[in-house]
Number of protein chains: 4
Amino acid sequence: MPRTPRQDRARATVDAIVEAGFIALSQRGPAATTTRHIAEIAGVGVGSLYEYFENKEAIFNVMSQRFIKDTVAMIKPLTPTLVRMPIDAAIRTLLNEFKDFLEMNDGRYLKCVRHAMAVDFELHLDPLFQVLNEVIMRYLMSHPETLQIRRIPAMAYIGINGGIFAVIRHLSDPDPMISFDELADGLAAMIGHYITQELKEREALAASET
Amino acid sequence: MPRTPRQDRARATVDAIVEAGFIALSQRGPAATTTRHIAEIAGVGVGSLYEYFENKEAIFNVMSQRFIKDTVAMIKPLTPTLVRMPIDAAIRTLLNEFKDFLEMNDGRYLKCVRHAMAVDFELHLDPLFQVLNEVIMRYLMSHPETLQIRRIPAMAYIGINGGIFAVIRHLSDPDPMISFDELADGLAAMIGHYITQELKEREALAASET
Amino acid sequence: MPRTPRQDRARATVDAIVEAGFIALSQRGPAATTTRHIAEIAGVGVGSLYEYFENKEAIFNVMSQRFIKDTVAMIKPLTPTLVRMPIDAAIRTLLNEFKDFLEMNDGRYLKCVRHAMAVDFELHLDPLFQVLNEVIMRYLMSHPETLQIRRIPAMAYIGINGGIFAVIRHLSDPDPMISFDELADGLAAMIGHYITQELKEREALAASET
Amino acid sequence: MPRTPRQDRARATVDAIVEAGFIALSQRGPAATTTRHIAEIAGVGVGSLYEYFENKEAIFNVMSQRFIKDTVAMIKPLTPTLVRMPIDAAIRTLLNEFKDFLEMNDGRYLKCVRHAMAVDFELHLDPLFQVLNEVIMRYLMSHPETLQIRRIPAMAYIGINGGIFAVIRHLSDPDPMISFDELADGLAAMIGHYITQELKEREALAASET
DNA sequence: GATGAATGAGCTTTCATTCAT
DNA sequence: TATGAATGAAAGCTCATTCAT
């Protein structure tokens, strides 16, 4: 049974407002993004903003949640493919998908994410970390030998945080010292080498114990 | 039109304003930091702000420059010590010094740095990247065998950006999954393993070529 | 960003603001006329001023234009009557109408015009000079013999500027040495005598040439 | 006995401040003329302004008085010469002297006088009107036949006010329709014709009475 | 429900004036 | 006496929010 037109229209308006929020934020930054701008871009009256959102901050909150939701939705379906790849290819694939995702719509998300902290995006980061941790866990379980390596939590933490930030910074850098491929290759090599080296050390240890 | 301070009293006022800027920024964030707050914390009249700064943004600019200057001043003298250490110890030492630096004055700098992008800290980041690159280069030259490893620029980029961000995020995280020591150990191990593995591969390659 | 009024209510607000501008300007002068005063007198919030005007100066500009428009609207319909009168009666009539116009609404316009230069009234004076020049030209054409007199442009310039200023100064003077009727009579006689004398000289010249 | 150096210096400082006031006012207009500017141009500290003047307005008052004093000092010595000239030559001479006076020092006085009303110059105009009235009276007494003409007070009022304003407006007009000579000639002719015509009418009247 | 005119608290900034030096 | 750093009241202006239509 379809929803009543009333609800559909309301949902469309909310979507238009959130979309407009992203456009305004990416175009003018958080300080210059006014409710008037958002309403104008959304094609609704300022009053309508307050029909659907408690206040301006609530719009940013929903934007934040939607950004994270979209990111998770981008990553989740990749998991089965990623876990079957060699680690370096998996990392490169994930980074490239992330890059494309951030650069969609003239880099709207990329521009927004740079201002994220100014509008408390951080509050809704959890699902993103969860899905990335899940990818990592599924990967490790698909490659049981890697379960023996040390410092898995720390590596996940560093890989996720360092990786996300390095990519965002690189994409935002008008004149980066290295190419994106070099960055992705570097991250892949770093993780790859860590695993290789750990496995070797485990092996050597096992051999000496025997 | 702001004038350059010529008297001692004037210089003290300028310092008080910049200091107040850090306190206000760390307490309330950039959007809620008003000229009145800064003046109040500095213990001066609002008018005095404009005796020495073109406008509010100019205060943030000077703060940004001072933060970077202080960071560089913290790192630079460590260089001789760091380059003589094993890589993992060097990294752990640097990260711990960075942590202490950020947590000085009740974490004033840490709280400010989270809002960095909102106040164009990026514009003045260069000296920091330069000094960190210099540390890396000096380290590599003190350990000539490491000069053979591949992807040095990418590793420097990843190490600096990923490292800085991972530390900041960890210190800002009210409930981190890992301890700071685990984080530092992880970063050290990751870089350390990368170098070890690279050296081994070089060796193997050299052996096979003979 | 000021918007163009689309609703009736909006138009009424704009009018109230301009009206309040005249009242405030006449009461306190340009330096002491603040946006808050204007808003208060208009019975609207300060914010409303900026819904319809770019800034404070824009209000003064519109006031200036409206003043000139009103003056022109007062003079234009008089033209047919004036051109049929003897010159001295025409001048006296025009001056008296101008006096009444300036003294309307407790002399609001008179008080404003004294501060004219401080708010760039001059920028919009052209239409006033045009209509006065047209009156003069129509008068001369209705009295073809006067077309022979010399120095018509200079006389127009002097008559218009000197006349306007003499009237304004007289009306503003708390203790003038002469009555307004004496002033009007004097201006009428001066212009009248000039024309008479010129015509006589032309006549004498024509006679001597025969 | 010479004044003490102390008093001399004080007088020089006062002069420098008033001079600076004229320069600032002519350069930037009344709204943009700050005490800081005046002090800077005068080469003294802001504090010194308040050693010699109650407040900013007092500076403008003294400026106003000095302007009028200078104008009077320019006109007074001309009187003996003027009264011996034919009326039109006298008027042209006076207007040209006035023009030169206003255009001295890159038009400093001219630029100031346009802002006069914004700073209450008008308050001190009396001596100027007195001296101009005296010139007129002396002229009339030097030409006793003119004492018979009617409307002398009105003509003086119109001539003085209309004349001053017409000259100031003309000199300020970037693109005047007539030349200054034409303006001066026009004013001279207008007054000249008035007198001529009046004398003729008196004569005719006298003849008819006989 | 949708609108946008209206609001006013509160922002940044200026500048005449003061007063310790 | 002369200074200029310091002041703070008050200016122009913005914009999230409200509410009559």
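Atoms considered below: every heavy atom in the structure, side chains included; atoms not considered: hydrogens, waters and symmetry mates. Lettering of chains follows the sequences in order, A, B, ..., and the numbering in each one begins at 1.
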Would you list the atom pairs, donor with acceptor, under 3.5 Å between side chains in residues 45-55 of chain A and any protein atom, with sequence neighbours excluded?
from  : atom 1 : to    : atom 2 : distance (Å)
A/N55 : OD1    : A/E57 : N      : 3.2
A/N55 : OD1    : A/A58 : N      : 3.0

* **Whichever of C/L49 and B/H37 has its nearest DNA chain E nucleotide further upstream toward 5'** => C/L49

* Structure fact -> The dot-bracket string of DNA chain F, counting Watson-Crick and G-U wobble pairs with both distances under 3.5 Å, using [ ] for crossing pairs and | for pairs to another strand, is .||||||||||||||||||||

* Structure fact -> Contact string for nucleotides 15-21 of chain E, one letter per nucleotide 5' to 3', B = base within protein heavy-atom range under 4.0 Å, S = sugar-phosphate only, - = neither, reads BBBB---

* Asked: Of all residues at least two apart in sequence or in a different chain, which pass the side-chain contact (heavy atoms from CB on, under 4.5 Å) check with A/A31?
  -> none

* Asked: Any side-chain heavy atom of A/Y109 within less than 4.5 Å of one from A/D70?
  -> yes

* Would you indicate what A/T13 reaches in the nucleic acid, counting non-hydrogen atoms under 4.0 angstrom: base, sugar-phosphate, or nothing? => nothing

* Just how far, in rounded Å, is C1' of F/dT3 from CD1 of D/I17? -> 13 Å

Identify all side-chain donor-acceptor contacts of residues 14-25 of chain D below 3.5 Å with residues at least two apart in sequence or on another chain.
from  : atom 1 : to     : atom 2 : distance (Å)
D/D15 : OD1    : D/R66  : NH1    : 3.3
D/D15 : OD1    : D/R66  : NH2    : 3.1
D/E19 : OE2    : D/R108 : NH1    : 2.9

* Structure fact -> C/F60 CZ to F/dA11 P, in whole Å, measures 13 Å

* Which distance, rounded to the nearest 0.5 Å, do you find between the CE of A/M63 and the SG of A/C112? -> 5.0 Å

* Structure fact -> Value for CD1 (C/I68) from CG (C/L125), rounded to nearest 0.5 Å, stands at 4.5 Å

* **Heavy-atom side-chain contact between B/T33 and B/H115 under 4.5 Å** => no

* Asked: So what does A/Y52 touch, heavy atoms closer than 4.0 Å: a base, only the sugar-phosphate, or nothing?
  -> sugar-phosphate

* Asked: Rounded to whole angstroms, how far apart are CD on B/E40 and P on F/dA6?
  -> 18 Å

* With sequence neighbours excluded, tell me which residues meet side-chain contact (heavy atoms from CB on, under 4.5 Å) with A/S64. => A/F121, A/H124

